[in-house]
Asks: 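Take this structure first; my questions come after.
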Amino acid sequence: MSKAFDVAVIGAGSIGTSVAYFNAKKGASVVLIDAGDIAESTSSRSDGNILVCDKQPGFDAIFAKASQDMFEGLSKELDYDFEWRQRGSLFLTETEEEFQTASEFCEKMKKCGIQMRMMDNKEVQDDEPYLAKDIYGGLETISDGSVYPIGLAYGFALGAEKKGAVLSLHNRVSNIYKEEGSFVIETEEGKILAKNVVDACGVWAPVIGAMVGVPVPIRPRQGQILVSEQTFQVARRKVHEFGYMSAKFQSDTYRRPVSKRVEKYGVAFVFEPTASNNFLIGSSRTFAGEDVSSSIEVMKAMAERAIRFFPVIADIKVIRSYSGLRPYTPDHMPIVSDTPVEGFFIAAGHEGDGIGLSPITGKVMADMIAGEEPFMDLSPLSYSRFEKSQLQ
């Protein structure tokens, strides 16, 4: 047989390209395989936010902050401008009750080392003058930023190639099995041998896992985004409602004052300005299989919520809409782990956090494969945390 690569990474989105880059950086021989092109699927349909504000206090926030702290260095290290901008973010609270909940959340996050501060009505109005005048207050997260997600994936992929990795794109994997201590990966262009395989296929990770008998508890959760025409600066940075947290984590402890349509589609207001002088509006969360078509009803719900926070948006045209599939796990945490099959690893299930968590995921996966101790206890991300009933 031909010589086996040290690592084969399947999936060339932000996670897979990062895993390939950090393994190649350690000196491993790496092949990056994808049925399509770099960032062709979910990574090209995201908004590129690098957030810690929307994480749960504790491991979730600390892990996300460690990843966020890597972007400044990567912006200099990678030979590709992925437009890293760190302007902070602003959560908006509509009511006194929501403001109090956000204040408690803020204190917990500060204990995790996250720089946050509460802002009253006057402060948020001074910060973003086009806001609706009845917004009660807000929560600012100093370190949050944004990137061009496709550019980030290209930066990782080309960086990996520069360090000796082989890019095997437009090459679908049809089967994987073990022979003579190596994995044999059957593809459209022939067989590829590897000592280790990383399943970084996002919502399609279960397909790859099934090939080696590893059930992966991930399913697609659709999200839709509206894109505005080029216009004046409605807001200078990422702005979203604090109710986004209950929509993301499916919390039943707080009911937002929203219409039935907004509630039905899991819509929470998210605003993101772009470098091209337009802006993105989100977000929605629905389980619709692998459907990535845009729904008029979801678009109406997102527009309704956007106009509630920024009334001026009512007079600005939407030029297009697109949808993507978030790789969802039952506990909303990714799987970054080894598996019962020796040499087979999973780096998937990041839901809407794949862009932001890509650097740290690539680094810890490379450490894991090299047999090195990770920088923190990664058991919350282990494959073994799922019970057998969730793996069927």
Side-chain angles (χ1 to χ4, degrees), residues 42-49 51 53-54 89-95 98 124 128 130-132 134-135 138 144 146 149 220-251 254-274 276-326 328 351-355:
T42 300
S43 294
S44 67
R45 295 170 176 267
S46 65
D47 54 12
N49 288 311
L51 307 179
C53 68
D54 63 344
S89 68
L90 179 62
F91 263 140
L92 300 175
T93 58
E94 290 187 87
T95 64
E98 204 171 56
V124 295
E128 298 294 355
Y130 287 111
L131 274 176
D134 64 336
I135 299 301
D144 285 346
S146 64
R221 197 182 190 193
Q222 191 205 73
Q224 194 165 315
I225 292 175
L226 301 179
V227 185
S228 83
E229 63 182 334
Q230 290 183 318
T231 185
F232 59 90
Q233 181 176 280
V234 174
R236 66 184 180 87
R237 59 178 174 178
K238 168 83 174 186
V239 181
H240 45 177
E241 62 171 302
F242 189 70
Y244 174 88
M245 295 294 281
S246 63
K248 178 179 180 180
F249 294 108
Q250 298 168 307
S251 171
Y254 174 72
R255 305 288 291 188
R256 294 180 295 155
V258 298
S259 69
K260 290 182 179 179
R261 179 168 57 191
V262 168
E263 187 172 6
K264 177 181 178 180
Y265 296 109
V267 168
F269 171 63
V270 176
F271 175 99
E272 176 65 36
T274 76
S276 301
N277 298 319
N278 55 5
F279 56 81
L280 310 180
I281 291 292
S283 65
S284 65
R285 283 180 154 79
T286 56
F287 291 108
E290 295 184 8
D291 182 11
V292 291
S293 60
S294 294
S295 161
I296 292 295
E297 286 302 304
V298 174
M299 292 171 68
K300 288 179 179 178
M302 291 195 296
E304 172 190 326
R305 205 66 184 139
I307 293 167
R308 184 271 173 272
F309 287 96
F310 283 102
V312 70
I313 287 178
D315 297 322
I316 298 172
K317 294 177 182 178
V318 169
I319 58 173
R320 70 185 183 98
S321 173
Y322 61 91
S323 296
L325 300 174
R326 303 179 182 94
Y328 165 94
E351 201 169 336
D353 300 322
I355 306 298

Asks: Within this structure, what is the NZ-OG1 distance for the pair Lys264 and Thr286, rounded to the nearest 0.5 Å?
Replies: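 Lys264 NZ to Thr286 OG1: 10.5 Å, rounded to 0.5 Å.
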Asks: Just how far is it from atom CD1 of Ile135 to atom CG of Leu92, taken to the nearest 0.5 Å?
Replies: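 Ile135 atom CD1 to Leu92 atom CG measures 5.5 Å (nearest 0.5 Å).
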Asks: Between Ala235 and Glu128, what is the shortest heavy-atom contact and its length?
Replies: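 Shortest heavy-atom separation between Ala235 and Glu128 comes out as CA-OE1, 3.2 Å.
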Asks: Give a yes or no answer on whether the side chain of Ser43 reaches the backbone of Pro149 with a donor-acceptor pair at less than 3.5 Å.
Replies: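 No: the side chain of Ser43 does not pair with the backbone of Pro149.
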Asks: When you measure from the side chain of Glu229 to the backbone N and O of Asn278, does any donor-acceptor pair fall under 3.5 Å?
Replies: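 Looks like no, no N/O pair under 3.5 Å.
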Asks: When rounded to the nearest 0.5 angstrom, what is the spacing between CZ in Phe279 and CG in Asp47?
Replies: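 Result: 14.0 Å between the selected atoms.
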Asks: Within the distance-only criterion (no hydrogens, no angle test), does the side chain of Glu272 pair as donor or acceptor with the backbone N or O of Leu280 below 3.5 angstrom?
Replies: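 Pair absent, no side-chain N/O of Glu272 close to backbone of Leu280.
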Asks: Flag the pair Asp54 / Asp353 as yes when at least one side-chain heavy-atom distance between them is below 4.5 Å, and no otherwise.
Replies: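 Answer yes - side chains close enough.
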Asks: Are His240 and Ser89 side-chain neighbours, meaning at least one heavy-atom pair lies under 4.5 Å?
Replies: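 They are in side-chain contact.
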Asks: Closest heavy-atom contact between Val239 and Phe310?
Replies: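 Minimum heavy-atom separation between Val239 and Phe310: CG1-CE1, 4.1 Å.
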Asks: Do Val270 and Lys238 touch side chain to side chain, with heavy atoms closer than 4.5 Å?
Replies: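 The answer is yes, as the side chains (C-beta and beyond) meet within the 4.5 Å cut-off.
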Asks: Minimum heavy-atom separation for Phe287 to Pro220, with atom names?
Replies: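 In this case the closest contact between Phe287 and Pro220 is CD2-O, 3.4 Å.
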Asks: Given 3.5 Å as the limit, does a donor-acceptor pair link the side chain of Ser321 with the main chain of Ile225, or not?
Replies: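 The answer is yes, because a donor-acceptor pair under 3.5 Å joins these two groups.
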Asks: Grab the two heavy atoms, one from Gly48 and one from Ile355, that are nearest each other, plus how far apart they are.
Replies: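 Where Gly48 meets Ile355 most closely, the heavy atoms are CA-CG2, 4.4 Å.
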Asks: If I take atom CD1 from residue Ile313 and atom CG from residue Leu226, how far apart are they, to the nearest 0.5 angstrom?
Replies: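 One finds 9.5 Å between CD1 of Ile313 and CG of Leu226.
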Asks: Can you name the closest pair of heavy atoms from Arg221 and Tyr328 and give their distance?
Replies: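 Looking at all heavy atoms of both residues, the shortest contact is CD-CD1, 3.8 Å.
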Asks: Please, which pairs that meet side chain to side chain donor-acceptor pair (under 3.5 Å) have at least one residue in residues 300-315, sequence neighbours excluded?
Replies: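 Non-adjacent pairs meeting side chain to side chain donor-acceptor pair (under 3.5 Å): Glu94-Arg305, Glu94-Arg308, Asp134-Arg308, Glu241-Arg305, Ser259-Glu304, Arg261-Glu304.
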Asks: Can you confirm if the aromatic rings of Phe232 and Tyr130 lie within a centre distance of less than 6.0 Å?
Replies: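 That pair passes the under 6.0 Å test.
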Asks: May I ask you to check whether Ser295 and Gln224 show a side-chain donor-acceptor distance below 3.5 Å?
Replies: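 Absent: no donor and acceptor within the cut-off.
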Asks: Just checking, is any N or O donor in the side chain of Asp291 or Ser293 under 3.5 Å from an acceptor N or O on the other one?
Replies: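 Checked: Asp291/Ser293 side chains pair up, N/O donor to acceptor below 3.5 Å.
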Asks: If we only count heavy atoms from C-beta on, is the Phe271 to Phe309 side-chain gap below 4.5 Å?
Replies: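 No. Closest side-chain heavy atoms not under 4.5 Å.
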Asks: Any side-chain heavy-atom pair from Asn49 and Asp144 closer than 4.5 angstrom?
Replies: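 Asn49 vs Asp144: side chains apart.
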Asks: Considering non-hydrogen atoms only, spot the tightest contact between Gly138 and Val124 and give its length.
Replies: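 Closest approach of Gly138 to Val124: N-CG1, 3.6 Å.
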Asks: Let me see the working for Val318 and Ile281 under side-chain contact (heavy atoms from CB on, under 4.5 Å), right down to the final yes or no.
Replies: CA-CA 9 Å; Val318 169; Ile281 291 292; over 6 Å; no
Asks: Under the 3.5 angstrom rule, does the side chain of Gln230 hit a backbone N or O of Ser276 as a donor-acceptor pair?
Replies: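 Flag set: sc Gln230 to bb Ser276 pair under 3.5 Å.
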Asks: Looking only at atom types and distance, does a side-chain atom of Thr42 sit under 3.5 Å from a main-chain N or O of Arg326, one as donor and one as acceptor?
Replies: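 Not at all, since once roles are kept as given, no pair shorter than 3.5 Å links the two residues.
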